[in-house]
Amino acid sequence: MAFVETYQLSKSFGSFTALNKCSLKIEQGSVFGLLGPNGAGKSTLIRLLMGFMTPSEGHAQISGLDCHRQSLQVRQLTSYLPGDARLDRQYRGKQVLKLFTGLRSDGSLQQALEMADYLELDLRRKVGSMSTGMRQKLAVTIALANQAPLIILDEPTANLDPTVRQQILGLLRRKRDEGKTILFSSHILEEVESISDTVAFLKHGEMITTADLSTLRNNHRVTGTISGIFPAIPDSLTEQIKIIEKDDTNLTFEITGDILNALTWLQSTGIDNISIEPARLRSLYEEIHPERQEMEV
Amino acid sequence: MKSMLSRYILQGRTVFLSCALAIFGFMLLRVWSITLLGSEEFREIIKHFKDFEKFSPVPFSQLITYTGRVARTFNEPIVLFVVLIWTISRGSDTVAGQLNRGTMEMLLGNPVSRRCVYWSQFLVTTVGTLALASLAWLGMVVSVHLNTVQEVIKPPTLEIPFVPLEIPLSTAEPTIVEKPMSDFVDVMDFLPALTIIFAMGVFVAGFSSMISSFDRYRWRAVGIAVGFVILQQTMRILAISKPEYNYLLNFTFFNPFDPEGLVNVFNEDYEQYWQFWQYGMQGTIRLSGLGCHGILLGFGLLCYLIGSWRFSRRDLPAPI
């Protein structure tokens with residue numbers, strides 16, 4: 001049985017459907033990335049998993065527990081970072097850590113202090129006088145300073161500079177290596193790609209596709225220029241080659257699986273300025289959201 | 001639970017300390033101000049306001065005693081105002097405040113039940129209300145023991161029966177003696193004032209918490225609670241001003257909130273105080289000590305329960 005499972009999970013607010021019949025499975029010990037633009041339903045899905053809302057339809061389970069009806073037990077198994085993590089402004093950093101680690105039986109102030117030290121947080125400052133990035137680091141520290149087997153993070157690296165992003169990804173890798181299951185959403189394709197085992201794409205509240213990143217990493221994207229007529233793709237390669245973009249001079253296509261046969265064919269095509277690179281999550285994202293190619297990388 | 005309690009104590013600390021200082025200081029000064037005017041002088045003044053006796057919760061005859069005048073201090077607008085500030089500010093914060101600030105989601109991301117969040121706030125608010133009511137009483141106690149009053153002792157006179165005439169038995173001038181106020185006032189007589197302020201606080205806090213459980217904006221919860229208090233006070237004024245609106249007294253919490261009246265019943269008829277209601281001279285029924293406290297505490301707890309029920313079932317909106 002999957003550690004996290006949703007079946008036909010839906011949430012509507014009046015006539016607006018924020019999440020529509022979303023079904024997914026996350027295996028224990030894996031890292032699952034949720035991708036999608038703003039309003040795609042990522043946070044709604046996460047908040048339904050946390051039991052903050054009643055599903056309009058379907059159900060969600062974590063470790064066999066119903067996320068809505070057994071929310072308290074579910075939250076004992078989960079550590080959570082909201083998309084917009086806000087903390088009481090009048091407290092000092094250390095007070096906040098003490099308070100939140102005290103709320104959990106598996107919370108560890110010592111671990112939180114070590115993590116804060118790693119993230120170079122000044123815990124003597126009041127939350128109200130911290131920068132947005134510092135507050136986010138403090139919230140991440142709270143979310144990770146426990147032994148919960150499932151970690152759910154809604155855009156954990158938002159508002160952070162690249163150095164801190166890397167530090168936080170480092171912390172997540174450490175958690176992954178400890179065998180924790182991680183579900184996180186992000187806008188940043190590269191960071192999802194660097195850490196996830198599986199990704200899911202959401203669009204307008206619907207789960208469009210899920211992809212296994214180990215498979216995706218076997219694919220390659222080829223770009224080049226053509227001066228004459230582009231030769232037909234041989235029958236033996238039609239399964240493997242997929243044209244992404246083509247105009248009078250430029251060509252982009254993707255090769256799935258073993259690249260050797262395709263390379264032999266490529267030599268005979270007369271394509272110039274060939275560039276071959278591993279297919280990235282971006283190519284999949286652009287297929288799903290062609291209108292959002294300007295998205296942050 | 002312990003972490004939640006310390007969180008709410010920390011959050012409410014500043015408001016509580018300000019309210020505590022205000023209510024204690026006010027009672028010290030207000031009771032002291034009673035000593036500035038002797039009972040005889042006060043009797044002369046109050047004679048001119050006989051037409052307004054209906055607005056007084058107790059007869060003027062009781063009001064001119066030191067006990068009556070001290071009891072009046074518990075019904076001063078400032079005392080009410082301080083208790084309302086504390087109860088509405090904490091009550092409105094229970095759910096709407098934390099949703100409004102966006103801190104609720106971070107809190108409930110942990111294994112903390114909604115009931116725990118709600119009832120921890122209840123506990124802190126209720127203990128704070130009891131502390132404020134006790135500080136009002138303590139301020140009175142300190143002031144009564146610190147202050148003295150001047151009493152005019154007239155020379156002995158002979159009263160002629162059936163004739164409104166007093167014949168002085170001496171030509172000596174009246175003498176003024178200074179006595180401790182505690183000689184005239186037993187501070188334990190005012191315990192009903194303490195408990196009814198507490199009961200009123202529980203009711204207002206319960207009402208504010210209930211509104212807060214239905215809303216996501218604290219300013220709106222505060223606005224509704226303040227509007228409710230103003231409406232209730234207006235109903236009381238209307239009810240005692242015009243006999244045809246007298247029935248409105250049944251619908252305002254300012255009717256059972258009657259510190260002076262309860263102090264009076266407590267001292268005059270202790271047995272009656274422990275009844276739910278009492279019969280007036282024209283056969284009218286009035287709430288007695290148990291009734292006033294029971295209604296305020298009962299409705300306050302009912303509001304709390306409705307709020308808890310609503311909060312445990314509602315969707316948590318995302319932070320704004």
Side-chain angles (χ1 to χ4, degrees), chain A residues 11-13 18 42-44 46-56 68 70-92 95-96 98-107 109 127-128 135 138-140 142-143 145-146 148 151-154, chain B residues 1-18 89-90 92-121 123-124 213-214 216-218 308-320:
Chain A
K11 182 67 188 174
S12 300
F13 301 98
K42 304 185 298 291
S43 296
T44 304
I46 286 175
R47 300 178 86 251
L48 282 164
L49 287 173
M50 294 303 295
F52 294 158
M53 299 187 287
T54 313
S56 306
H68 178 60
Q70 294 167 291
S71 169
L72 190 62
Q73 292 96 311
V74 163
R75 283 180 281 135
Q76 266 157 359
L77 300 175
T78 312
S79 72
Y80 170 62
L81 176 75
D84 185 4
R86 296 196 206 165
L87 300 159
D88 293 305
R89 299 174 71 86
Q90 70 269 36
Y91 297 154
R92 295 186 190 281
Q95 277 178 304
V96 173
K98 209 172 166 184
L99 171 78
F100 277 95
T101 51
L103 291 175
R104 304 188 66 104
S105 55
D106 60 356
L109 180 61
V127 173
R135 283 202 291 267
L138 186 60
V140 169
I142 292 165
N146 55 65
I151 300 167
I152 297 181
L153 310 165
D154 195 356
Chain B
M1 185 80 167
K2 199 177 146 197
S3 292
M4 294 301 303
L5 288 175
S6 60
R7 178 172 185 258
Y8 290 134
I9 289 169
L10 214 59
Q11 279 178 0
R13 190 177 52 182
T14 313
V15 178
F16 177 79
L17 289 176
S18 315
S89 67
R90 296 322 303 155
S92 64
D93 193 59
T94 309
V95 178
Q98 299 187 71
L99 285 176
N100 208 160
R101 287 198 300 277
T103 53
M104 183 69 93
E105 189 157 329
M106 195 74 192
L107 186 64
L108 288 181
N110 292 283
V112 180
S113 71
R114 294 192 191 188
R115 280 198 190 96
C116 176
V117 170
Y118 189 86
W119 291 103
S120 306
Q121 182 79 284
L123 210 59
V124 173
S213 298
F214 282 82
R216 68 182 297 187
Y217 299 107
R218 190 182 189 185
S308 173
W309 173 83
R310 172 65 184 148
F311 178 46
S312 61
R313 277 159 184 77
R314 72 179 285 186
D315 281 355
L316 288 190
I320 307 151

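Numbers restart at 1 for each chain; the letters A, B, ... are given by sequence-line order, proteins then strands.
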Can you confirm whether B/Phe16 sits close enough to B/Arg90 that some side-chain heavy atom of one is under 4.5 Å from a side-chain heavy atom of the other?
no

Contacting moiety of A/Gln95, where chain B heavy atoms sit under 4.5 Å
side chain

Might you point out which heavy atoms bring B/Pro111 and A/Leu72 nearest each other, and give the distance in Å?
C-CD1, 3.5 Å

Please flag which part of A/Thr78 lies under 4.5 Å from any non-hydrogen atom of chain B: side chain, backbone, both or neither.
backbone

Any idea which of A/Thr54, A/Thr44, A/Ile152, A/Asp88 has the most non-hydrogen atom pairs under 4.5 angstrom with chain B?
A/Asp88

Engaged part of A/Gln90 at the chain B interface, taking heavy atoms whose separation is under 4.5 Å:
side chain

Quick one: does A/Arg47's side chain have a donor or acceptor within less than 3.5 Å of a partner on B/Glu105's backbone?
no

Contacting moiety of A/Ala139, where chain B heavy atoms sit under 4.5 Å:
both

Results of ring-ring contact (aromatic ring centres under 6.0 Å, His included) for A/Phe100 - residues two or more places apart only
none

Let me know if B/Gln98 has heavy atoms under 4.5 Å from chain A in its side chain, its backbone, both or neither.
neither

Under 4.5 Å from a heavy atom of chain B, the part of A/Ile142 involved
side chain

Got a salt bridge between B/Arg218 and B/Asp93, using NZ or NE/NH1/NH2 to carboxylate O under 4.0 Å?
yes

Top residue by heavy-atom pair count (under 4.5 Å) with chain A, among B/Asn110, B/Thr14, B/Leu10, B/Leu107?
B/Asn110

By ring-ring contact (aromatic ring centres under 6.0 Å, His included), A/Phe52 pairs with (sequence neighbours left out) A/Tyr80

